[in-house]
Novice: 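Pasting in a structure now, in structure tokens, and then I'll have a few things to ask.
FYI, side chains are in, hydrogens and waters are out, and symmetry mates aren't considered; it's all heavy atoms of this structure. Everything numeric here is computed off the predicted structure, so don't read it as measured data.
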Amino acid sequence: MSETTLANLEYSIHASPRRMTRDLATVFPNRDLSGLLVVPTFQRCKHEMVAWDAEIAKEKDDRLDDFIRWSTAIHNSLETLGYWSDMTDPASGFPSFTERGRDVYPDVEGCQLLLKYDFQNAGCCKILLHPIWGSKIYPATFFTTAPVNILVKVIEQVEQEHSLSKPFSA
């Protein structure tokens, strides 16, 4: 869990399987994706993300804003160190920081492949089911080619800089 002033989210870090890396070459074109790490994230929500009304739409927008703040802080730190990273917009599946490819990243399928999470069909789309929180989640994904030890260090640094319990300094 990452609990900061940026976002409260659960994340895990995975080496991208060969098939996934091959597919992601059409999401992130003209990139060397060797050593790609995939970081699925989940934010717990108050509402089931299956339904749709104004309150749920606002919660989705708020969770997107939180994810953007968290991933942008990590992206900026990695970029300063000379590493490529990006996040995909969960609504569109398109990259946020780099050139768009012809395909989009499907968060649900990515989480199924990496984490074996189940899903439910909701009309034309799939709703991911977290093993504890069910469909009360907002999934989003971050990607980088930084080595895992560098990524972990950067996440820890970002968490420290944006800690909820920062010591008071006068």
Novice: Should Leu129 and Leu114 be regarded as members of a common hydrophobic cluster, given that ILVMFWY residues are connected when their side-chain heavy atoms come within less than 4.5 Å of each other, either directly or indirectly?
Specialist: no

Novice: Kindly work out whether a path of hydrophobic side-chain contacts (I/L/V/M/F/W/Y, heavy atoms less than 4.5 Å apart) joins Val104 to Met20.
Specialist: no

Novice: If only atom types and distance count, is the side chain of Thr26 paired as donor or acceptor with the main-chain N or O of Asp23 below 3.5 Å?
Specialist: yes

Novice: Does Glu55 have more than 12 heavy atoms from other residues, nucleotides or ligands lying within 6.0 Å of its CD?
Specialist: no

Novice: Please determine whether a side-chain nitrogen of the Lys or Arg among Lys126 and Glu109 lies less than 4.0 Å from a carboxylate oxygen of the Asp or Glu.
Specialist: yes

Novice: Where the side chain of His75 meets the backbone of Ser85, is there a donor-acceptor pair that is under 3.5 Å apart?
Specialist: yes

Novice: Provide the closest heavy-atom pair for Thr88 versus Gly93 in the form atom of the first, atom of the second, distance.
Specialist: CG2-O, 3.7 Å

Novice: With salt bridge (charged side-chain N to carboxylate O under 4.0 Å, His left out) as the rule and sequence neighbours excluded, what pairs involving residues 81-105 come up?
Specialist: none

Novice: Under a 4.0 Å N-O cut-off, is there an ion pair linking Asp62 with Lys58?
Specialist: yes

Novice: Let me confirm one number: the CZ-CD distance from Phe97 to Glu79, rounded to the nearest 0.5 Å.
Specialist: 8.5 Å

Novice: Counting only pairs under 3.5 Å, give me each side-chain donor-acceptor contact of residues 138-157, with atom names and distances, residues two or more places apart or in other chains.
Specialist:
| unit_1 | atom_1 | unit_2 | atom_2 | d |
| --- | --- | --- | --- | --- |
| Thr141 | OG1 | Asp107 | OD1 | 2.4 |
| Thr144 | OG1 | Trp84 | O | 2.7 |
| Thr144 | OG1 | Ala146 | N | 3.0 |
| Gln157 | NE2 | Glu161 | OE2 | 3.0 |

Novice: Tell me, please, which residues at least two apart from Phe119 pass ring-ring contact (aromatic ring centres under 6.0 Å, His included).
Specialist: none

Novice: Is the closest side-chain heavy-atom distance between Arg31 and Leu36 below 4.5 Å?
Specialist: no

Novice: Could you walk me through whether Asn8 and Arg44 pass the side-chain contact (heavy atoms from CB on, under 4.5 Å) test, one step at a time?
Specialist: CA-CA 8 Å; Asn8 292 327; Arg44 189 175 188 173; over 6 Å; no

